[in-house]
Protein chains: 2
Amino acid sequence: MSVLIVGTTALDSIKTPKAENPRLLGGSASHAAVAASFFSPVKLVGGVGEDFPKKYIALYRRHKIDLEGLEILPGKTFHWSGEYELNMNNRRTLATELGVIETFSPTLPKSYQTAPFVLLGNIAPALQHRVLDQMQRPKFVVADSMDLWLNIALDDLLKLLPRIDGFVLNDSEGHQLTKEDNVFTALKKIHALGPKYVIIKKGSHGSILSGPKGFFICPAYPLSKVVDPTGAGDSFVGGMMGFLASAKGPIDANIRRAMVYGSVTASFCCEGFGLTRTTKIKRADIEKRVKELEKLTKF
Amino acid sequence: MSVLIVGTTALDSIKTPKAENPRLLGGSASHAAVAASFFSPVKLVGGVGEDFPKKYIALYRRHKIDLEGLEILPGKTFHWSGEYELNMNNRRTLATELGVIETFSPTLPKSYQTAPFVLLGNIAPALQHRVLDQMQRPKFVVADSMDLWLNIALDDLLKLLPRIDGFVLNDSEGHQLTKEDNVFTALKKIHALGPKYVIIKKGSHGSILSGPKGFFICPAYPLSKVVDPTGAGDSFVGGMMGFLASAKGPIDANIRRAMVYGSVTASFCCEGFGLTRTTKIKRADIEKRVKELEKLTKF
């Protein structure tokens, strides 16, 4: 089955003490869509400017991503630039140029409106609502978010939560939303806001699912070197939704394995700047790491 | 088989905004010994003062801990007092009174010298050396440590590492020792210092083993409420060594499961002040949580 993915489609300029990586393909929708594409057909929703490089359109196409919902708008593509410190742990934003995304409001093509799986990737909650408003009874809807929306669009976000099946956020956002330090208590409080499935991401420490069948402790694939974690969270949720859309049977029977596939897809994302590493792998590379993770967690 | 455990035997006064818990039984050896006692016979090595409460001797005895190596010395028992903030995350030391531990130097009873499993719990590396000097070809030796010894006794610690089979430390100590942020890189660097097995503890994020059979990602048992994490690391390594000493077959066949048993024993430790919760459980309670952890990590 197909996954509709909305989110930002951006150009990311990532500077490190050793190199500059100008105008890489980035944005939550790009990362999630490429990750999901290893498992299922993807329908992308986003807006880019007239400056959006043709090579990135070709990249989406190589991943068989449906671009009917990608609008090319007058103006410039959303551009983010940031700089990493030598240890790659601290990142600071140098510039954020919203460009066309400032006024972007998605209108879904008819063929998109019946997609059974919907990933509302990290973008303003108002746009996540707008996409959901145009959908016809999707089977499974998951939303991702970020601290920015908790700060400036909390009401919109809180109204979104009862409309979705699953909500994905990181541990600091979980704390911000619930005022709870404890992940497991935070998870329970987030259920009370609406979603049946809540996933808290903990970076290299893996992630925790709370759902109708209880908790699942999902490992992260061990990486000795992280080149660029930008987009890892989007790759995780994209890979997860792609896998879920490809799997037979109920969500509960597949979601744990889907998270592991998402986790492994995110591990590749971290090994290169932007999407440079993720776009070089094959499904077989993912399968290999999933098998390794099985061995690494068995007791 | 039996486990010899050396470490501090202390009285801990733990203050919180809601309660005072004066002079609880504490210290690395106490926590590790009680944890190990659920699985194997324990031989305790330590020194206490004449003020050491008889009820704590009785507590050790209830756990069938061999006290031939517990010396009662003229003076006062090592006393630590600390205070937690309301969210239980930040702890500050109010006072450290070393008492008899300042000049303590263990002399092992003859019956201790052939113990097959040795846990050099957190105490000055010079004392860990001294215990090892008196042992006759132990089968498996593991040492724990803390940031204090990395700061003030690094040479002693570095000389200890080639003498032991396994080394256990937490992630910040791993970083301090190797200058590596990445856990997996830090693990490799620590192998080069001597130990064949290295375990990095990550608190509520679980722990990572690096050994001859590669990595193992060990989960932490999910706790919605942490009352007092004091001694959790000691309980982890104590439970692990107790389980290893009870298991048939080679270390490599048992160490992963041993870590899970240690992790679960530590979870009980966190649910009460000092040893109050751990001393109320039975082996069956541990088994129940190990089974739960199996379910929580399966995919």
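The figures that follow rest on heavy atoms only: side chains count, while hydrogens, waters and symmetry mates do not. Residue numbers start from 1 in every chain, and the chains themselves are labelled A, B, ... in the order their sequence lines are given, proteins ahead of strands.
- In terms of heavy atoms, B/Leu223 sits closest to A/Phe184 at O-CD1, 3.6 Å.
- Within 6.0 Å of NZ in A/Lys196 there are 12 or fewer heavy atoms belonging to other residues, nucleotides or ligands.
- Contact detail for A/Phe299 and B/Thr297: the closest heavy-atom pair is CE2-OG1, 3.8 Å.
- For B/Pro219, the part lying near chain A is the side chain, with the backbone staying farther off; criterion is any non-hydrogen pair under 4.5 Å.
- Side-chain contact between A/Leu293 and B/Ile217: present, with at least one pair of heavy atoms (C-beta onward) separated by less than 4.5 Å.
- Using a 4.5 Å cut-off between heavy atoms, B/Glu294 contacts chain A through both its backbone and its side chain.
- Distance alone, capped at 3.5 Å, is enough to place a donor-acceptor pair between the A/Thr185 side chain and the B/Ser224 backbone.
- Neither the backbone nor the side chain of B/Ala186 comes within less than 4.5 Å of any heavy atom in chain A.
- The part of B/Lys295 that comes within reach of chain A is its backbone (N, CA, C, O), which places non-hydrogen atoms under 4.5 angstrom from that chain.
- A distance of 10.5 Å separates NZ in B/Lys298 from NZ in A/Lys298, rounded to the nearest 0.5 Å.
- Taking A/Val260, A/Asn182, A/Leu296 one by one and counting their heavy-atom pairs under 4.5 Å with chain B, the maximum is reached by A/Leu296.
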